[in-house]
Amino acid sequence: MNNNFFLNNGYFIVRNAFPKKLLKEIQSITNKNVYNLKKKGSPKVNNYKNFCSNLKKINNNFFLLNKKLQSSLIYNKIYQKIFTSKKFYKNIINILGKDLAFCDEPTININLPSNFLKKNYYFKDWHQEIWSGASVNSLQMWTPMFQKSNTYGQMELMCKSHTFGMIPNRNRKPTLLPKKYKTVKLNLEVGDCILFSTLLLHRSMPTLSTRLALAYSIKNFKF
């Protein structure tokens, strides 16, 4: 990892961070859980179209899906496999060192196009992860696990905003932002991930397709 890039910009992208075998296993587990909620037909474990189709038939019961999927990922030791993937591990220890731990249970995000669900909790305006209780000593990680090949509509980052300090906010909405700033929009493929500072301002972008993503906070447990 280029530490200077991370220090200057507040984030770093790792391309092909996770092996294809692991990604297929995650997609298989995901589709099986969606199928079990639907309880009709037969599961096609690695089919994106089938995933989207079944997702429409679970009556927006995403809480139950997240609960079942989270349990399945833990049972199949998916998080251990993610954290110990060679390329991902090599990059993150350059910033945090080898005494790693994730801060809480990883979050599973299902992002839907606006014509599917008018109000989506995971479509968020500009915010910093530190507003939710994250430490300045931890890193936030986000990676798409199931999405269409078209990667439009992920996250937008405010360049160098990690140097602004904690932004004044009310109810996790910024009350004061610079008048001029530059942004960059993410364009990650399945298997890529971004590591970013908890002080970096970022927001969700409208998506045209359904996406399953994984987010979690990582720290050095000695800090």
Side-chain angles (χ1 to χ4, degrees), residues 1-27 29-30 33 63 65-111 121-122 124 127-146 154-155 157 161-163 165-167 172 186 188 190-202 204 211-223:
M1 173 181 286
N2 189 329
N3 285 333
N4 288 331
F5 184 93
F6 178 82
L7 291 173
N8 290 331
N9 297 280
Y11 74 93
F12 190 85
I13 293 173
V14 184
R15 299 290 182 184
N16 300 311
F18 311 112
K20 291 182 178 179
K21 182 179 179 181
L22 175 57
L23 296 173
K24 288 182 178 179
E25 185 177 3
I26 293 171
Q27 292 171 352
I29 291 170
T30 300
N33 276 275
F63 174 79
L65 174 59
N66 271 307
K67 183 179 179 182
K68 290 170 64 66
L69 183 54
Q70 186 76 279
S71 297
S72 295
L73 294 177
I74 293 172
Y75 177 80
N76 288 280
K77 299 183 178 180
I78 294 299
Y79 296 127
Q80 290 95 318
K81 296 175 184 178
I82 289 175
F83 299 144
T84 56
S85 294
K86 289 183 179 179
K87 192 170 183 179
F88 173 76
Y89 180 73
K90 179 181 177 181
N91 278 275
I92 199 168
I93 63 173
N94 284 334
I95 294 180
L96 293 178
K98 294 185 177 181
D99 303 310
L100 299 176
F102 60 82
C103 302
D104 50 22
E105 284 192 358
T107 302
I108 301 167
N109 299 341
I110 299 176
N111 293 125
Y121 173 76
Y122 295 113
K124 297 183 179 180
H127 65 283
Q128 297 173 305
E129 293 301 322
I130 196 170
W131 295 354
S132 300
S135 168
V136 293
N137 292 324
S138 62
L139 286 182
Q140 192 72 11
M141 180 272 203
W142 185 90
T143 180
M145 289 297 182
F146 219 152
Q154 295 183 350
M155 280 197 296
L157 314 176
S161 57
H162 66 302
T163 64
M166 185 171 179
I167 300 297
R172 298 182 184 177
L186 290 188
L188 303 186
V190 171
D192 298 341
C193 76
I194 180 173
L195 301 166
F196 59 96
S197 167
T198 56
L199 288 169
L200 188 72
L201 281 159
H202 57 288
S204 306
R211 177 184 299 108
L212 177 77
L214 185 67
Y216 50 87
S217 187
I218 309 169
K219 65 178 181 179
N220 184 312
F221 65 78
K222 291 186 176 181
F223 293 162

Met141 side chain near Ile92 side chain, heavy-atom distance below 4.5 Å: no
Side-chain heavy-atom pair Leu188, Gln154 within 4.5 angstrom cut-off: yes
For the student: nearest non-hydrogen atoms of Cys193 and Ala17, plus distance: SG-CB, 3.9 Å
Check: Gln140 and His202 side chains under 4.5 Å, non-hydrogen atoms: no
Shortest non-hydrogen contact between Ile108 and Leu212, atoms and distance: CG2-CD1, 3.3 Å
Spatial distance of atom CD (Glu25) from atom NZ (Lys77) [nearest 0.5 Å]: 11.5 Å
Note, Asn220 side chain near Asn137 side chain (heavy atom, < 4.5 Å): no
CZ on Phe12 to CG on Leu7, rounded to 0.5 Å: 11.5 Å
Side chain Thr198, main chain Leu139, donor-acceptor under 3.5 Å: no
Interatomic distance, Ile130 atom CD1 to Leu199 atom CG [nearest 0.5 angstrom]: 5.0 Å
Parallel, tilted or perpendicular: ring planes of Phe88 versus Phe18, cut at 30 and 60 degrees: tilted
Heavy-atom closest contact (Leu195 atom, Val14 atom, distance): CD1-CG2, 4.4 Å
Asn76 side chain to Ile78 backbone, donor-acceptor under 3.5 Å: no
Check: Arg15 main-chain N/O paired with Lys87 side-chain donor or acceptor under 3.5 Å: yes
Donor-acceptor contact present, side-chain Gln128 to main-chain Met166, <3.5 Å: no
Exam field: side chain Glu129 to backbone Ser197, donor-acceptor pair closer than 3.5 Å: no
Taking every non-hydrogen atom, the tightest pair across Gly10 and His162: N-CE1, 3.3 Å
Residues which pass side chain to side chain donor-acceptor pair (under 3.5 Å) with Ser138, listed by chain and number, not counting sequence neighbours: Ser217
Inter-residue atom distance Tyr216.OH - Thr143.OG1, 0.5 Å rounding: 7.5 Å
Leu96/Lys219 under side-chain contact (heavy atoms from CB on, under 4.5 Å): CA gap, chis, key distance, verdict: CA-CA 7 Å; Leu96 293 178; Lys219 65 178 181 179; 5.5 Å; no
Gap separating the CZ atom of Phe196 from the CG atom of Asn9, nearest 0.5 angstrom: 14.0 Å
Leu214 side chain near Ile82 side chain, heavy-atom distance below 4.5 Å: yes
Side-chain (Asp99) to main-chain (Phe221) donor-acceptor, under 3.5 angstrom: no
Tyr11 and Phe5 aromatic centres sub-6.0 Å: yes
Partners meeting side chain to side chain contact (heavy atoms under 4.5 Å, CB included) with Tyr89 (sequence neighbours left out): Ile93, Lys98, Leu100
Check: His127 side chain, Leu201 main-chain N or O, donor-acceptor pair, under 3.5 Å: no
Distance in Å, Ile95 CD1 paired with Ile218 CD1, rounded so as to fall on 0.5 Å steps: 10.0 Å
Thr84: side chain to side chain contact (heavy atoms under 4.5 Å, CB included) partners, not counting sequence neighbours: none
Over all atoms of both residues, closest heavy-atom pair of Ala215 and Asn109: CB-ND2, 4.3 Å
